[in-house]
Amino acid sequence: MSVLTTYARLRAAEAGRAEPLATVRHVHLAARPFVLIPLALAGEACAPLAALVGAERERPELLIVAEPRDRTQRFAFVADLADRVLPHLDSFTRDTEEYTGRRDGAKRILTRCTEAPQILVPNPGGIAFLRLLGRSTRFRGTEGPHAVPPGVPLLGKWLTWFTDRAEFPGSSQLLAMTEALSVHWATGQSGTEDGNLASLIGWIAPPDGHDGHEAARLAEDPALRPPAGPATDPVFDHTLHELLDRYERAGTDPLRAALRHQLEKQLRSQLAPTWDLMWRGVDLLRSLPPGASVAGRWEFDRTLFTDYAAYLAETGLPQARRDHAVGAARRLARLEDATARYELARAYDDPLVMAEHELAGRAFTGVVIATDPSRMVKGPRSALFRPLVTLRTDALPPRLELGDKVKSPTRRDQPARLLAVRALPDGDAEIDLELEGGLARKRKPPAPPGCVPEPGEELCYTVLDTGHSPLAFPDDEATPWTHGGPPTPYTPTEDDADEAWE
Amino acid sequence: MTGGRDMTADTPAARADAAVARVLHDVDHTTGRGVVVDSPPGAGKSTLVVRAAAHLAEGQGPVMVVAQTNEQVDDLVDRLATRHPRLRVGRLLKSGGTLPGRVRRHGNVTGAEKLSDLGTLPPVVVTTAAKWAFVKAPEGTPWGWAIVDEAYQMRSDALLRCAGLFERALFVGDPGQLDPFATVETERWAGLTWDPLRNAVDVTLAHNPRMPTRRLPVSWRLPATAAGLVGRAFYPFTPFTPGTSSADRRVRLPVPALGADPVDRVLDRAAATGWGYLRLPARHSLRVDGEVAAALATAAGRLLARGTITHCDQAPEGRELTPERIAIGVTHNDQADAVRARLSPELAGVTVDTANKLQGREFDVTLVWHPLSGRADASAFHLETGRLCVLLSRHRHACVVVARDGIRSLLDRHPSSQPLHLDVPPKFPDGWRAHQTIMEHLDRPDFLVGA
């Protein structure tokens, strides 16, 4: 935990109210998010019990499995869920826009959807559950023994795709509400306690007449605030167990219908409070203005959604059970790249995030006190145009070294290099920077006005950068002997769906 | 040598030579994919790499050497060129890179950004794993052999990117040091033999289980006072011995201590016993604990002010300790900044760095900021075995640990709780156990001074 976060948490504990960790919103919030709150049966890895779903706040739809231990009913539930989710996803594929992008190594005019779906679940446990549900459904056969409706494997592929994307920092296609909120607010409780959506929102927006401490304490009562899933409250499990048993033993259809109705009522009582919390979370996030880079990241999300929808329409093979050596290494490289980019974008978008880097010595803010806008230096072949900027700052940035490349959030296209640092007797420091670009392609002075900062301007510079060149990986067929040699290519077979059914 | 044990091998030097001869014998006669050599701290790993490179280049044709950082590559090329002045060595440079002075002075070293610019393929070509990933093998023939240095610090995905270039490999490394590092945490690949987050050796062994593993048996760096403890705590199943005896390594502090000053007293203990433990009053602190930083800076200053003399095999008559032979080891970069800010100008030569950056380096005296000092919890990161091992095994003479009181009760409150995964071989010893062993040793009047 950084010093700033520690400080914010202490202040929150003292004030009884969450402290902001961000001045802008770092996640995208869709106009029509699809809220999905799954519940699972205790004691099984992936037995769906119920879900409250919908894209409209006033119209949550409850889906339940009356007998979660019966696989046929389980997949009937998944088919129900597919009937809600798939049309929602489909609704985004109609409106498209053109853009210029690279495909197969050449520049082309491509299309992408103007909007893309966004799924919101309460917590990381919800994402983990959807991942398991995707794995258990994407290989199911639509013919032969234990056939399922076509929507089931299709939903499985989509759930796998969404949960795969959720691992990438900066992607907003599938978000856990507790995590999205924790990026923006620090509470006076521990990180583990922040995993409880009710107490987290209690800290951020305590009800009238209460402070965060009290709100969080109230949220701990499972009778008032049932858990946000996928695990259920053990006391409720008792009620559930009785109802499920009676349902199983019920001899007549009317009795079954009555019991199913009771079960629905009970499950709705468990899910409805979380439904309200999810939408309050949406309101809280909407209250923040979006960061400057959020739209760009969402555009990338939209592109990926478009491409995967097109892939499903054409080939549509399910994702392999596990990554091969090359695929895993490639994915790790993409994950690390996304992490660094997101970190940088957050710092550029948000002075409060940049402040953490300043505290850690990876950035500094100073006022321009002098410039040499027509400076030329000796280059290897000819003289180079390298204006000089001198800033005065109130602290020596310890993590910067002479020769480091730095950039400013307000002058992103202007790389600069740290030339000299002079400590002043009063503790301040003077820093000389050499501008290496952003001079309107001019090779000699004068640069157009505005290219070189003016004295009096306040600027922040940081060494944070994502200058990674793309990594080279061998093809799958060229997997070396150290990693087990080339893998057998994946071909889906009927056996993929094989499992003990009853 | 035919693999039989040489009966005259009872001095450390003879044992070390026999181990190296055995590795070279394996390399010459293997029918498999290569050999792994595990080395405890300071056991002559670099010497082995230099010998093996020359040996292979002479007997089996061109060899490629994979190191992890440019600094390591330059060190290695310098050693190779010094030891074998007639061996042509190629050094592939990063784009825009140049040969540093210590490498340029050798006439037998050529440096270039591209393989084709090195002229006819030199018998030994050295560069980083990252650079090798972009190298295309010369027409038709990949290298017969690669030597992978610091292989336990190489991530499996880095090996994947360059392993297509060679047919057999000699992996050399220290299994007790820090595992390679990733900026993302995911359990997605846990249990897969090719998990990109594992290290290069583990992945290669998982796919080539019959590859033999050899060990270097003698640590030349660690003094007799440290070898036993470091071995017990970090290498419990692969014993090694110190190359020198306590009589060979001595530390004297000619200027007497300033009264009962705790820093001076702990330095006296360290000079006499090889270990010192300065214990500050218990307190939860932020990551940067100003008092610990100040104590470390003061200790470095007092080491010089008291005119420390070290006697060892390199200087039997004794030599004065210089700032360059002192290291201060920490866990986080901001801790290093805090210590550096407190060093007086004459201490500018002291190395202050994190465990990750101290890996593979050697000093006479090290001062260590204990990873768990002042913490309220013992996270997996701070408990990591490799981190503590690196910090406590860089010294030739003495090591002083500075920490706030309460580490043992912190350990008792936080037993290891790492999730277990199917098919993931457990790592021994775990960090919790290693920390307990170390604290049990240090928490004794021979070493401990309370502040």
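Being a predicted model, the structure only gives us computed values, none of them experimental.
If you check the side chains of A:Trp481 and B:Asn208, you find no donor sitting under 3.5 Å from an acceptor.
The greatest number of non-hydrogen atom pairs below 4.5 Å with chain B, out of A:Ala478, A:Gly484, A:Gly485, is found for A:Gly484. Chain B forms more heavy-atom pairs under 4.5 Å with one residue of A:Val326, A:Thr479, A:Thr6, A:Asp164 than with any other, namely A:Asp164. Of the listed residues (B:Leu205, B:Val184, B:Asp157), the greatest number of heavy-atom pairs within a distance under 4.5 Å of chain A belongs to B:Val184.
Counted within 6.0 Å of OH on A:Tyr308, heavy atoms from surrounding residues, nucleotides or ligands total more than 12; the atom is thus considered enclosed. Within 6.0 Å of OH on A:Tyr342 lie more than 12 heavy atoms contributed by other residues, nucleotides or ligands. The number of heavy-atom neighbours closer than 6.0 Å to CG of A:Leu402, taken from other residues, nucleotides and ligands shown, is above 12. The number of heavy atoms from other shown groups lying within 6.0 Å of CZ (A:Arg135) does not exceed 12.
Heavy atoms of B:Arg198 lying under 4.5 Å from chain A are absent altogether. Both the backbone and the side chain of B:Asn333 come within contact range of chain A, each with at least one heavy atom under 4.5 Å from a heavy atom of that chain. Neither the backbone nor the side chain of B:Ala158 comes within contact range of chain A; no heavy atom of the residue lies under 4.5 Å from a heavy atom of that chain. Contacts between B:Leu286 and chain A at a heavy-atom distance below 4.5 Å involve the side chain alone, from C-beta outward. Both the backbone and the side chain of B:Leu160 come within less than 4.5 Å of a heavy atom in chain A. Neither the backbone nor the side chain of B:Ala200 comes within less than 4.5 Å of any heavy atom in chain A. Heavy atoms closer than 4.5 Å to chain B are found in both the backbone and the side chain of A:Ala325.
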Candidate pair A:Arg131 and B:Glu187, rule salt bridge (Lys or Arg N to Asp or Glu O under 4.0 Å), full reasoning: CA-CA 13 Å; A:Arg131 179 177 297 124; B:Glu187 290 176 355; over 6 Å; no

After noting the C-alpha distance and the side-chain angles of A:Leu332 and B:Arg155, does the key distance pass the side chain to side chain contact (heavy atoms under 4.5 Å, CB included) rule? CA-CA 11 Å; A:Leu332 178 60; B:Arg155 226 164 60 179; 3.4 Å; yes

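We find the OG1-CG distance between A:Thr482 and B:Leu159 to be 4.0 Å, quoted to the nearest 0.5 Å.
Annotation for A:Arg331 and B:Trp189: closest pair CD-CZ2, 3.7 Å, computed over non-hydrogen atoms. Between B:Ala133 and A:Ala472 the shortest heavy-atom distance is O-CB, 4.1 Å. Nearest heavy-atom pair across B:Arg161 and A:Pro474 is CA-CD, 4.3 Å. The shortest heavy-atom contact between B:Thr183 and A:Glu336 is N-OE2, 2.8 Å.
No side-chain heavy atom of B:Thr193 sits less than 4.5 Å from a side-chain heavy atom of A:His483. With a 4.5 Å cut-off on side-chain heavy atoms, B:Arg188 and A:Arg322 do not count as touching.
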